Amino acid sequence: MAKTVYIAGLGLIGASMALGIKRDHPDYEILGYNRSQASRDIALKEGMIDRATDDFASFAPLADIIILSLPIKQTIAFIKELANLDLKEGVIISDAGSTKSAIVDVAEQYLVGKAIRFVGAHPMAGSHKTGAASADVNLFENACYIFTPSSLTSQDTLEEMKALLSGLHARFIEIDAKEHDRVTSQISHFPHILASSLMEQTAVYAQEHEMARRFAAGGFRDMTRIAESEPGMWTSILLSNRETILDRIEDFKERLDEIGQAISKGDEEQIWNFFNQAREQRQAMEIHKRGGVDSSYDLYVDVPDEENVILRILELLRGTSLVNIHINEENREDIHGILQISFKNAQDLERAEHLITENTDYTVVIK
Ligand code: NAD
């Protein structure tokens, strides 16, 4: 039976979800709320949604499923508002916030005792882009879409959400909200703090040591890439996961002190172990195998060391969305060719293989 879905917040995440839902459920009616007219207009014009409003409460009673895709503070405010509205019996409310405990706690407090189902969610995909203009139907492909079930979540809630979101092609995962916040504090929130601290430290240092700007190269770039993230979103993430993040900061200070002491003592063995352990740990980590996408979507091209070769291949792939391109500096036995191109899905990979083999003499290998 066709459903009515209400997406509040037609930003990058909300509008991309609308596209993903439409892909598998073209018969569902999608209603959209957005504060600014620009994203409402784009979402309507591009057919992402069927109807739009700037009055959040007006569409809520019409929906079978409501997804709040707003900043965390606004998500919390709307959950409180929903508690006082006359909603459809058995409505599902979900969200997209990057931290979960604060949102789930408010939902549990305000929605309990009503004919409302709730499940917190965090689609772990995104970018620095914002607004409906940046929407991408493939944004969530192969990404973890995390659900944080609580007492207002029944098994059928999760089944209905997964069926609704099938067109996102994401990987659904369930985890407790507090554990979600602990894990993301370590692998996402704290690294953002570190990247920004390192960037600020370097900027101040460079005032007196001008060459610091010029010498900064690959390692520094990799360490600080995420310092370019959107400040508003990261402020709200830190403020809604305070204790857990403070705990990570304290833990890290101790680690810095420890390596500082080893350096001051000149303890060669300890310093070597410090680097070696981290190297082994990183090599064993999943990130090494996947780099955000499945390694099976990688293609290797054996290219000659000639001018414009890479440009020629990229020209052939115009219109195919690739997620990464890497030139292997040395030809190792286990990596064929030197140009490695990563794709988001198997179709793009196949298309690229076909295009390159049809139009060039280069050997293409897929592992
Ligand atoms: P966005 O800036 O693209 O969109 C945010 C939306 O919220 C916009 O529609 C904006 O109009 C609306 N909004 C902002 N303040 C509002 C207010 N006070 N009242 C009413 N509406 C308001 O951001 P996004 O990336 O789509 O993020 C939405 C949610 O998804 C956030 O909770 C974010 O933490 C979460 N999230 C973001 C990412 C990412 O990388 N972008 C990844 C996962 C989860």
Side-chain angles (χ1 to χ4, degrees), residues 6-20 30-44 46 48-49 52-60 66-82 93-104 106-107 120-148 165 168 170-173 175 177 180-181 183-185 187-189 191-192 195 225-241 245 292:
Y6 185 20
I7 299 182
L10 300 168
L12 171 73
I13 300 293
S16 299
M17 285 178 78
L19 287 173
I30 303 192
L31 310 175
Y33 156 86
N34 205 68
R35 194 174 50 161
S36 72
Q37 175 129 15
S39 282
R40 283 202 306 274
D41 288 351
I42 292 168
L44 279 173
E46 300 294 325
M48 299 168 184
I49 58 167
T53 183
D54 63 352
D55 173 12
F56 172 67
S58 66
F59 279 173
I66 300 173
I67 298 174
L68 305 171
S69 182
L70 302 144
I72 296 163
K73 218 164 132 186
Q74 198 56 35
T75 299
I76 287 173
F78 277 176
I79 288 172
K80 291 180 182 172
E81 193 173 336
L82 286 169
I93 301 174
S94 190
D95 77 305
S98 304
T99 59
K100 299 277 33 105
S101 296
I103 290 172
V104 172
V106 166
H122 175 200
M124 286 197 80
S127 73
H128 57 283
K129 295 183 195 162
T130 58
S134 317
D136 174 4
V137 69
N138 293 317
L139 184 69
F140 307 104
E141 204 156 288
N142 292 317
C144 290
Y145 196 108
I146 299 175
F147 289 114
T148 57
L165 302 172
L168 270 54
R171 306 174 198 201
F172 298 117
I173 293 176
I175 185 172
H180 166 278
D181 290 355
V183 173
T184 49
S185 75
I187 51 90
S188 169
H189 311 164
H192 274 80
R225 181 180 61 81
I226 53 178
E228 286 192 40
S229 302
E230 208 278 304
M233 188 172 120
W234 284 96
T235 304
S236 63
I237 287 175
L238 262 49
L239 290 178
S240 60
N241 198 17
I245 292 170

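Each ligand, and each atom within it, is numbered from 1 in the order the structure gives. Remember, it's a predicted structure, so these values are computed and weren't measured experimentally.
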Please report whether ligand 1 has a polar contact with L10, defined as an N or O pair separated by less than 3.5 Å (distance criterion only).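 Such a contact does occur with ligand 1.
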Q. Is there at least one pair of N or O atoms, one from G126 and one from ligand 1, spaced under 3.5 Å apart?
A.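 Looking only at distances, the answer is no, because the N/O contact criterion of under 3.5 Å is not met.
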May I ask whether [X] places a heavy atom under 4.0 Å from ligand 1?
| X | answer |
| --- | --- |
| G131 | yes |
| S36 | no |
| A125 | yes |
| Y33 | yes |

| query | When you measure from atom 8 (C) of ligand 1 to each heavy atom in I7, N34, T99, which option holds the nearest one? | reply |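 Looking at heavy atoms only, the winner is N34.
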| Identity of the nearest option to atom 34 (O) of ligand 1, non-hydrogen atoms only, from S98, A38, P71, S236 |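 Closest candidate by heavy-atom distance is S98.
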Exercise for the section: Determine if the distance from atom 24 (P) of ligand 1 to the closest protein heavy atom is below 4.0 Å. Expected result: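 Answer yes: something from the protein, a heavy atom, is under 4.0 Å.
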How long is the gap from [atom1] on [X] to [atom2] on [Y], to the nearest 0.5 Å?
| X | Y | atom1 | atom2 | answer |
| --- | --- | --- | --- | --- |
| I76 | S240 | CD1 | OG | 7.0 Å |
| M48 | I7 | CE | CD1 | 10.5 Å |
| L70 | S236 | CG | OG | 11.5 Å |
| M17 | L139 | CE | CG | 10.0 Å |

Closer than 3.5 angstrom, by distance alone: can the side chain of [X] be matched with the main-chain N or O of [Y] as a donor-acceptor pair?
| X | Y | value |
| --- | --- | --- |
| S16 | D136 | yes |
| R171 | N142 | yes |
| R35 | D54 | no |
| Y6 | F56 | yes |
| T148 | A177 | no |
| D181 | T99 | no |

Assess the side chains of N34 and S36: does a donor N or O sit below 3.5 Å from an acceptor N or O?
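Yes, S36 and N34 have a side-chain donor paired with an acceptor closer than 3.5 Å.
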For [atom], the protein heavy atom that lies nearest, with its residue and separation:
| atom | answer |
| --- | --- |
| atom 43 (C) of ligand 1 | P123 O, 3.1 Å |
| atom 4 (O) of ligand 1 | G11 CA, 3.3 Å |
| atom 27 (O) of ligand 1 | I13 CG1, 3.9 Å |
| atom 28 (C) of ligand 1 | S69 O, 3.6 Å |
| atom 18 (N) of ligand 1 | Q74 OE1, 3.1 Å |
| atom 15 (N) of ligand 1 | R35 NH2, 3.4 Å |
| atom 12 (C) of ligand 1 | L70 CD2, 3.8 Å |
| atom 30 (O) of ligand 1 | A96 O, 3.4 Å |

* Asked: Can you tell which part of M124 has a heavy atom less than 4.0 Å from ligand 1: side chain, backbone, both or neither?
  ->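 Near ligand 1, M124 shows nothing, with every heavy atom at 4.0 Å or more.
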Side chain, backbone, both or neither: E230 near ligand 1, heavy atoms under 4.0 Å =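 None of E230 does.
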Can you see which heavy atom on F59 is nearest to which on A52, and at what distance?
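Scanning both residues completely, I find the closest heavy atoms to be CE1-C, 3.7 Å.
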Worksheet item: In ligand 1, which numbered atoms sit nearer than 4.0 Å to a non-hydrogen atom of G97?
Response: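 Result: 32 (O).
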Would you mind listing which atoms of ligand 1 come within a distance below 4.0 Å of any non-hydrogen atom of G9?
->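 Once the distances to G9 are compared, the set is 9 (O).
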Report task. Evaluate whether atom CD of E230 has more than 12 neighbouring non-hydrogen atoms of other residues, nucleotides or ligands under 6.0 angstrom away. Result ->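 More than 12 heavy atoms, drawn from other residues, nucleotides or ligands, come within 6.0 Å of this atom.
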